[in-house]
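The shown structure was predicted, so the numbers you read here are calculated from the model rather than taken from an experiment. Both counts, for ligands and for their atoms, begin at 1 and track the order of listing.
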Amino acid sequence: MSEDERKQVLGGIDAGGTTFKCALAGLDGKIIARKRVPVNGPDLTIVAVAAFFRGAMATHHATMTRLGVASFGPVDIDPASESYGTILDTPKPGWALCDLRGRLHAALGVPVHIETDVNGALLAEMEWGVARGCASAAYVTVGTGIGAGIYTGGRLLGHPVHPEFGHIRLQRHPQDAGFPGSCVFHGDCLEGLASAKALQDRFGDPGLLPADHLAWEIEAYYLAQACLALVLTARVERVILGGGILLAVGLIDRVRTAYDKLMNGYVKDRATAELITTPGLGDDAGLMGGILLAMRGSEG
Ligand code: ZN
(Lines give C-alpha, C1' and ligand atoms only; values in the text may rest on other atoms or scores of the structure.)
Protein backbone atom coordinates (compact mmCIF):
# COMPACT_ATOMS: atom_id res chain seq x y z
CA MET A 1 0.00 0.00 0.00
CA SER A 2 1.46 3.38 -0.96
CA GLU A 3 1.75 6.25 1.47
CA ASP A 4 -1.12 8.08 -0.34
CA GLU A 5 -3.56 5.24 0.27
CA ARG A 6 -2.93 5.04 4.00
CA LYS A 7 -5.48 6.92 6.08
CA GLN A 8 -4.35 9.87 8.14
CA VAL A 9 -4.75 9.64 11.90
CA LEU A 10 -3.84 11.55 15.06
CA GLY A 11 -2.10 10.50 18.25
CA GLY A 12 -2.96 11.49 21.82
CA ILE A 13 -1.22 10.88 25.14
CA ASP A 14 -2.35 11.49 28.70
CA ALA A 15 1.12 11.56 30.25
CA GLY A 16 0.58 10.86 33.94
CA GLY A 17 3.12 10.26 36.67
CA THR A 18 2.60 6.48 36.75
CA THR A 19 0.93 5.70 33.40
CA PHE A 20 1.01 7.13 29.87
CA LYS A 21 -2.39 6.54 28.29
CA CYS A 22 -1.90 6.49 24.54
CA ALA A 23 -4.46 6.44 21.71
CA LEU A 24 -4.58 6.53 17.96
CA ALA A 25 -7.64 8.45 16.72
CA GLY A 26 -9.30 9.40 13.46
CA LEU A 27 -9.26 13.01 12.28
CA ASP A 28 -12.69 13.37 13.99
CA GLY A 29 -11.15 12.43 17.36
CA LYS A 30 -12.70 8.95 17.55
CA ILE A 31 -10.31 6.48 19.20
CA ILE A 32 -9.17 3.59 16.96
CA ALA A 33 -6.63 1.93 19.27
CA ARG A 34 -5.44 2.54 22.82
CA LYS A 35 -2.90 1.32 25.36
CA ARG A 36 -1.76 2.10 28.89
CA VAL A 37 2.03 2.26 29.12
CA PRO A 38 3.48 2.06 32.65
CA VAL A 39 6.00 4.81 33.43
CA ASN A 40 9.53 3.47 33.89
CA GLY A 41 11.83 6.45 33.47
CA PRO A 42 11.93 8.40 30.19
CA ASP A 43 13.97 5.96 28.06
CA LEU A 44 11.86 2.83 28.53
CA THR A 45 8.59 4.78 28.59
CA ILE A 46 9.23 6.57 25.29
CA VAL A 47 10.38 3.35 23.58
CA ALA A 48 7.16 1.61 24.71
CA VAL A 49 4.98 4.56 23.64
CA ALA A 50 6.62 4.69 20.20
CA ALA A 51 6.23 0.91 19.81
CA PHE A 52 2.49 1.20 20.50
CA PHE A 53 1.97 3.95 17.93
CA ARG A 54 4.03 2.19 15.24
CA GLY A 55 2.19 -1.10 15.83
CA ALA A 56 -1.24 0.57 15.82
CA MET A 57 -0.43 2.48 12.62
CA ALA A 58 0.65 -0.76 10.93
CA THR A 59 -2.47 -2.64 12.09
CA HIS A 60 -4.80 0.11 10.86
CA HIS A 61 -2.86 0.95 7.67
CA ALA A 62 -2.64 4.51 8.90
CA THR A 63 -0.13 7.35 9.11
CA MET A 64 -0.08 9.60 12.16
CA THR A 65 0.21 13.26 11.19
CA ARG A 66 0.29 14.94 14.62
CA LEU A 67 0.61 14.01 18.27
CA GLY A 68 -0.91 15.87 21.25
CA VAL A 69 0.22 15.39 24.83
CA ALA A 70 -1.57 16.38 28.05
CA SER A 71 1.32 16.08 30.47
CA PHE A 72 2.05 15.93 34.18
CA GLY A 73 3.96 18.95 35.35
CA PRO A 74 5.68 21.12 35.88
CA VAL A 75 6.13 21.40 32.13
CA ASP A 76 7.00 24.27 29.79
CA ILE A 77 3.85 24.87 27.69
CA ASP A 78 5.01 28.05 25.96
CA PRO A 79 5.32 27.31 22.20
CA ALA A 80 7.58 30.36 21.89
CA SER A 81 10.02 29.03 24.50
CA GLU A 82 13.24 27.19 23.60
CA SER A 83 12.38 24.56 26.19
CA TYR A 84 8.74 24.10 25.02
CA GLY A 85 7.61 20.63 26.02
CA THR A 86 10.35 20.04 28.57
CA ILE A 87 9.49 18.63 31.99
CA LEU A 88 10.85 21.08 34.55
CA ASP A 89 11.95 20.51 38.13
CA THR A 90 10.30 17.30 39.34
CA PRO A 91 11.21 14.72 42.00
CA LYS A 92 10.22 11.89 39.59
CA PRO A 93 13.49 9.98 38.93
CA GLY A 94 14.96 10.74 35.50
CA TRP A 95 12.24 13.17 34.40
CA ALA A 96 13.65 16.53 35.52
CA LEU A 97 14.61 18.53 32.40
CA CYS A 98 13.49 15.69 30.12
CA ASP A 99 12.65 17.12 26.68
CA LEU A 100 9.46 15.06 26.39
CA ARG A 101 8.25 16.83 23.26
CA GLY A 102 11.62 16.63 21.49
CA ARG A 103 12.05 12.96 22.33
CA LEU A 104 8.56 11.99 21.14
CA HIS A 105 9.18 13.98 17.96
CA ALA A 106 12.50 12.18 17.41
CA ALA A 107 10.89 8.77 18.05
CA LEU A 108 7.82 9.27 15.85
CA GLY A 109 8.76 11.99 13.34
CA VAL A 110 5.56 14.05 13.73
CA PRO A 111 4.82 17.52 15.16
CA VAL A 112 4.09 17.24 18.90
CA HIS A 113 1.83 19.68 20.77
CA ILE A 114 1.92 19.73 24.54
CA GLU A 115 -0.22 21.14 27.35
CA THR A 116 -0.64 20.53 31.06
CA ASP A 117 -2.84 17.57 31.97
CA VAL A 118 -5.51 19.77 33.55
CA ASN A 119 -5.59 22.20 30.63
CA GLY A 120 -5.88 19.24 28.24
CA ALA A 121 -8.73 17.74 30.25
CA LEU A 122 -10.46 21.13 30.47
CA LEU A 123 -10.29 21.72 26.69
CA ALA A 124 -11.63 18.20 26.03
CA GLU A 125 -14.54 18.72 28.46
CA MET A 126 -15.38 21.99 26.66
CA GLU A 127 -15.28 20.24 23.27
CA TRP A 128 -17.00 16.94 24.07
CA GLY A 129 -17.85 16.75 27.77
CA VAL A 130 -19.93 18.49 30.45
CA ALA A 131 -18.74 22.01 29.49
CA ARG A 132 -19.70 21.66 25.81
CA GLY A 133 -21.20 24.96 24.64
CA CYS A 134 -19.91 26.87 27.68
CA ALA A 135 -17.86 30.05 27.23
CA SER A 136 -16.01 29.47 30.49
CA ALA A 137 -15.12 26.55 32.73
CA ALA A 138 -12.59 25.34 35.28
CA TYR A 139 -11.15 21.85 35.72
CA VAL A 140 -9.74 20.94 39.11
CA THR A 141 -7.91 17.66 39.54
CA VAL A 142 -7.76 16.26 43.05
CA GLY A 143 -5.10 13.58 43.27
CA THR A 144 -1.71 13.35 44.92
CA GLY A 145 -1.62 17.11 44.35
CA ILE A 146 -4.30 19.61 43.30
CA GLY A 147 -4.12 21.49 40.00
CA ALA A 148 -6.58 23.63 38.09
CA GLY A 149 -7.05 24.97 34.59
CA ILE A 150 -9.37 27.90 33.93
CA TYR A 151 -10.79 28.89 30.53
CA THR A 152 -12.38 32.33 30.25
CA GLY A 153 -12.49 35.22 27.77
CA GLY A 154 -11.67 32.90 24.86
CA ARG A 155 -8.42 31.55 26.28
CA LEU A 156 -6.74 29.48 28.96
CA LEU A 157 -6.15 31.76 31.90
CA GLY A 158 -2.51 32.58 32.53
CA HIS A 159 -1.17 30.94 29.34
CA PRO A 160 1.75 30.39 28.64
CA VAL A 161 2.07 29.72 32.33
CA HIS A 162 -0.87 28.33 34.27
CA PRO A 163 -2.74 29.08 37.49
CA GLU A 164 -1.38 27.65 40.75
CA PHE A 165 -4.87 27.44 42.18
CA GLY A 166 -4.01 24.35 44.25
CA HIS A 167 -2.10 26.58 46.66
CA ILE A 168 -4.76 29.12 47.64
CA ARG A 169 -5.53 29.49 51.33
CA LEU A 170 -8.76 28.30 52.90
CA GLN A 171 -10.78 28.56 56.07
CA ARG A 172 -10.26 25.55 58.34
CA HIS A 173 -13.02 23.09 59.07
CA PRO A 174 -13.70 23.36 62.84
CA GLN A 175 -13.13 19.61 63.28
CA ASP A 176 -9.82 19.68 61.38
CA ALA A 177 -7.83 21.92 63.70
CA GLY A 178 -4.31 20.84 64.57
CA PHE A 179 -3.35 19.19 61.26
CA PRO A 180 -0.38 21.19 59.94
CA GLY A 181 -1.19 20.36 56.30
CA SER A 182 0.90 18.41 53.83
CA CYS A 183 2.10 21.06 51.34
CA VAL A 184 5.89 21.37 51.64
CA PHE A 185 5.67 25.06 50.74
CA HIS A 186 2.55 26.30 52.56
CA GLY A 187 1.40 23.64 55.00
CA ASP A 188 -2.36 24.09 55.03
CA CYS A 189 -3.15 25.46 51.55
CA LEU A 190 -5.88 23.77 49.44
CA GLU A 191 -3.48 21.03 48.29
CA GLY A 192 -2.07 20.70 51.80
CA LEU A 193 -5.57 20.09 53.21
CA ALA A 194 -7.53 18.34 50.45
CA SER A 195 -5.15 16.33 48.23
CA ALA A 196 -5.02 12.53 48.42
CA LYS A 197 -1.76 12.93 50.32
CA ALA A 198 -3.38 15.25 52.87
CA LEU A 199 -6.19 12.72 53.41
CA GLN A 200 -3.69 9.90 53.74
CA ASP A 201 -1.59 11.88 56.24
CA ARG A 202 -4.40 12.20 58.76
CA PHE A 203 -6.94 9.48 57.97
CA GLY A 204 -4.94 6.71 56.25
CA ASP A 205 -5.67 5.25 52.80
CA PRO A 206 -8.59 7.30 51.37
CA GLY A 207 -9.71 4.22 49.41
CA LEU A 208 -10.49 2.44 52.69
CA LEU A 209 -12.51 5.23 54.37
CA PRO A 210 -16.25 4.48 54.72
CA ALA A 211 -18.62 6.89 52.90
CA ASP A 212 -19.92 8.30 56.21
CA HIS A 213 -16.45 9.08 57.62
CA LEU A 214 -15.90 12.63 58.91
CA ALA A 215 -12.97 12.90 56.47
CA TRP A 216 -15.41 13.32 53.55
CA GLU A 217 -17.33 16.09 55.31
CA ILE A 218 -14.03 17.92 55.85
CA GLU A 219 -12.87 17.22 52.27
CA ALA A 220 -16.16 18.50 50.84
CA TYR A 221 -15.88 21.70 52.88
CA TYR A 222 -12.47 22.47 51.37
CA LEU A 223 -13.44 21.57 47.79
CA ALA A 224 -16.59 23.69 48.16
CA GLN A 225 -14.41 26.67 49.11
CA ALA A 226 -12.31 26.03 45.98
CA CYS A 227 -15.48 26.03 43.84
CA LEU A 228 -16.67 29.20 45.57
CA ALA A 229 -13.39 31.00 44.80
CA LEU A 230 -13.57 29.97 41.12
CA VAL A 231 -17.18 31.11 40.71
CA LEU A 232 -16.68 34.37 42.60
CA THR A 233 -13.55 35.35 40.64
CA ALA A 234 -13.92 33.94 37.12
CA ARG A 235 -17.70 33.41 37.18
CA VAL A 236 -17.14 30.12 35.37
CA GLU A 237 -20.13 28.21 33.98
CA ARG A 238 -18.75 24.83 35.09
CA VAL A 239 -16.40 23.68 37.84
CA ILE A 240 -15.36 20.16 36.88
CA LEU A 241 -13.84 18.14 39.72
CA GLY A 242 -11.69 15.26 38.48
CA GLY A 243 -9.01 13.00 39.90
CA GLY A 244 -9.09 9.80 41.94
CA ILE A 245 -10.47 11.33 45.14
CA LEU A 246 -13.73 12.27 43.38
CA LEU A 247 -14.46 8.56 42.88
CA ALA A 248 -15.44 8.47 46.59
CA VAL A 249 -19.14 7.65 46.83
CA GLY A 250 -21.29 10.69 47.51
CA LEU A 251 -18.42 13.20 47.67
CA ILE A 252 -19.62 15.37 44.77
CA ASP A 253 -23.05 15.72 46.46
CA ARG A 254 -21.40 16.72 49.72
CA VAL A 255 -19.36 19.35 47.85
CA ARG A 256 -22.54 20.78 46.27
CA THR A 257 -24.32 20.92 49.64
CA ALA A 258 -21.35 22.65 51.30
CA TYR A 259 -21.06 25.06 48.36
CA ASP A 260 -24.74 26.06 48.60
CA LYS A 261 -24.31 26.76 52.30
CA LEU A 262 -21.19 28.90 51.73
CA MET A 263 -22.57 30.77 48.68
CA ASN A 264 -25.82 31.38 50.59
CA GLY A 265 -27.73 32.30 47.41
CA TYR A 266 -25.43 35.18 46.46
CA VAL A 267 -24.51 34.04 42.92
CA LYS A 268 -27.21 31.81 41.41
CA ASP A 269 -26.50 31.81 37.67
CA ARG A 270 -27.36 28.12 37.41
CA ALA A 271 -28.28 25.06 39.45
CA THR A 272 -25.43 23.80 41.61
CA ALA A 273 -25.75 20.24 40.23
CA GLU A 274 -25.09 21.66 36.76
CA LEU A 275 -22.34 24.04 37.94
CA ILE A 276 -20.27 21.62 40.03
CA THR A 277 -19.79 18.32 38.30
CA THR A 278 -17.49 15.38 37.64
CA PRO A 279 -15.91 14.99 34.16
CA GLY A 280 -18.29 13.95 31.37
CA LEU A 281 -15.40 12.10 29.73
CA GLY A 282 -14.56 10.36 33.01
CA ASP A 283 -11.08 8.90 33.17
CA ASP A 284 -10.51 9.75 29.48
CA ALA A 285 -10.61 13.55 29.83
CA GLY A 286 -6.81 13.91 29.73
CA LEU A 287 -6.41 11.45 26.86
CA MET A 288 -9.12 13.21 24.81
CA GLY A 289 -7.31 16.46 25.64
CA GLY A 290 -4.18 15.05 23.97
CA ILE A 291 -6.18 14.05 20.91
CA LEU A 292 -7.83 17.49 20.78
CA LEU A 293 -4.40 19.21 20.84
CA ALA A 294 -3.41 17.06 17.87
CA MET A 295 -6.67 17.92 16.06
CA ARG A 296 -6.15 21.63 16.56
CA GLY A 297 -2.46 21.46 15.82
CA SER A 298 -1.71 23.94 18.56
CA GLU A 299 -2.16 24.67 22.21
CA GLY A 300 -5.53 26.12 23.30
ZN1 ZN B 1 0.78 24.86 48.86
Requested in this report: Please lay out, stage by stage, how Phe203 and Ile218 fare under the test side-chain contact (heavy atoms from CB on, under 4.5 Å).
Outcome: CA-CA 11 Å; Phe203 301 113; Ile218 292 171; 4.0 Å; yes
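- The Zn ion (ligand 1) lies at the vertex of an angle of 110° between the SG atom of Cys189 and the SG atom of Cys183 (rounded to 10°).
- Taking the side chain as every heavy atom from C-beta outward, Tyr84 and Asp78 never approach each other to under 4.5 Å.
- Ion pairing between a basic and an acidic side chain is recognised when a charged N comes within 4.0 Å of a carboxylate O; Arg132 and Glu125 show no such pairing.
- The N, O or S atom of His167 lying closest to the Zn ion (ligand 1) is ND1.
- When the N, O or S atoms of His186 are ranked by distance to the Zn ion (ligand 1), ND1 comes first.
- Taking the six-membered ring where tryptophan is involved, the planes of Tyr221 and His173 are perpendicular, since the angle between them exceeds 60° and thus also 30°.
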